[in-house]
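The block underneath contains the structure these notes are about, expressed in structure tokens.
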Amino acid sequence: MSAPLFLVEALPTGDTVTLDGPEGHHAATVQRLRVGEELLLADGRGGTAAAVVTAVGRGTLDLRVTSRAYADAGVPRLVVVQGIAKGERGELAVQAMTEVGVDEIVPWAASRSVAQWRGDRGVRAREKWVATAREAAKQARRPWLPVVAGAPDESTATVARRIAGADAAFVLHEEADERLTTVALPSTGEIVLVVGPEGGIAEQELAVFREAGARPVRLGPSVLRTSTAGVAALAVLSTRLPRW
């Protein structure tokens with residue numbers, strides 16, 4: 001089994017370091033790491049440091065750094081515009097997409113989104129997506145932490161501007177003629193993928209995205225839930241691109 005990964009604000013510059021705070025508590029108290037065990041520290045920006053536990057304290061670990069590495073960001077960059085879903089479906093989508101390698105998640109206030117992020121509720125909901133992405137990145141041993149955009153969400157007009165600036169943009173739609181498995185893909189830059197909420201994407205929204213340069217595509221004959229469509233599409237893209 002690979003060494004567990006813990007996220008830190010900055011990687012240690014010396015050969016020894018103490019892991020404390022929430023990550024230290026999790027490592028020492030929850031995972032119960034012991035002297036001699038190995039772990040990875042990551043800054044969420046591609047940098048990692050392998051380390052060995054030399055001492056265990058109350059919610060802290062003393063570590064000796066054994067090696068350092070840096071992983072380049074994935075190319076092209078994969079951005080998923082995720083229609084806000086009710087309940088835990090949005091968080092499930094964020095978790096799964098993070099595990100398969102999404103680079104940025106944009107919460108979208110679609111017209112058919114049952115849940116609406118307004119005021120403090122929206123801020124809390126977005127923070128939950130951020131926390132979900134962070135934990136999923138740790139579980140997947142990802143050196144890059146995906147960005148969760150929005151303040152807390154984005155409008156259709158803002159998404160359209162993002163599409164217009166992308167190297168390629170696709171909207172998952174069950175009535176599309178083209179398939180994501182066969183459309184031409186750029187080798188660099190940014191790919192934006194739009195996933196609708198439970199009620200789907202309204203015709204007016206689809207028209208706006210088309211005008212901005214997005215192409216409707218489908219995955220297959222079945223209609224996927226909003227919590228699974230994004231991860232399925234990312235798996236297709238990652239397989240077709242030199243990311244997997």
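What you are looking at is a predicted structure, and each value in this text was computed from that prediction instead of being measured.
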The reported gap from CD1 in Ile191 to CG in Leu241 (rounded to nearest 0.5 angstrom) is 5.0 Å
Carboxylate-amine/guanidinium contact Arg215 Asp177, below 4.0 Å = no
Got a donor-acceptor contact below 3.5 angstrom from the Glu135 side chain to the Thr132 backbone?
-> no
Give, for atom CG of Leu63 and atom CG of Asp15, the distance between the pair rounded to the nearest 0.5 Å.
-> 12.0 Å
Kindly say whether Ala149 contributes a backbone atom to a donor-acceptor pair with the side chain of Arg126 at under 3.5 angstrom?
-> yes
Could you state the interatomic distance from CD (Gln31) to NE2 (His25), rounded to the nearest 0.5 Å?
-> 11.0 Å
Linked hydrophobic residues, Phe209 as query - side chain contacts closer than 4.5 Å = Val79, Val81, Val106, Trp108, Val159, Ile163, Val171, Val192, Val194, Ile201, Leu206, Val208
Could you give the distance from CG (Leu41) to CD (Glu23), rounded to the nearest 0.5 Å?
-> 9.0 Å
Cationic N near anionic O, under 4.0 Å, Arg77 to Glu104 = yes
For Gly101, does its backbone N or O pair with a side-chain atom of Arg243 as donor and acceptor, under 3.5 Å?
-> yes
List the steps and the verdict of side-chain hydrogen bond (donor to acceptor under 3.5 Å, both in side chains) for Arg225 and Thr228.
-> CA-CA 5 Å; Arg225 288 180 179 271; Thr228 55; over 6 Å; no
Answer yes or no: does atom CZ of Arg121 have more than 12 heavy-atom neighbours from other residues, nucleotides or ligands under 6.0 Å?
-> no
Sidechain-backbone polar pair: Asp43 side chain, Gly47 backbone, donor-acceptor under 3.5 Å | yes
Any side chain to side chain donor-acceptor pair (under 3.5 Å) involving residues 46-72? Give me the pairs, sequence neighbours left out, ordered by first then second residue.
-> Thr18-Asp62
Checking Arg142 side chain against Val100 main chain: does a donor-acceptor pair fall under 3.5 Å?
-> no
Separation between NZ (Lys86) and OG (Ser227), nearest 0.5 Å, reads 11.5 Å
Go through the steps to decide whether Glu178 and Phe170 satisfy the test side-chain contact (heavy atoms from CB on, under 4.5 Å), and finish with yes or no.
-> CA-CA 10 Å; Glu178 289 188 285; Phe170 306 102; over 6 Å; no
Charged N to carboxylate O below 4.0 Å: is that the case for Glu127 and Arg124?
-> no
Full working for side-chain contact (heavy atoms from CB on, under 4.5 Å) between Val183 and Leu185 | CA-CA 6 Å; Val183 292; Leu185 301 176; 4.2 Å; yes
Backbone N or O of Ser113 within a donor-acceptor pair of the Gln116 side chain at under 3.5 Å?
-> yes
What's the verdict on side-chain contact (heavy atoms from CB on, under 4.5 Å) for Leu7 and Leu145, showing C-alpha distance, side-chain angles and the deciding distance?
-> CA-CA 9 Å; Leu7 288 166; Leu145 185 63; 4.2 Å; yes
Distance col, row Trp117:CH2 vs Glu154:CD, nearest 0.5 angstrom, shows 10.5 Å
Verdict with reasoning, Leu39 to Leu61, per side-chain contact (heavy atoms from CB on, under 4.5 Å) = CA-CA 11 Å; Leu39 57 79; Leu61 294 179; 3.9 Å; yes
Ignoring hydrogens and angles, state whether a donor on the side chain of Thr182 or Arg179 is under 3.5 Å from an acceptor on the partner side chain.
-> no
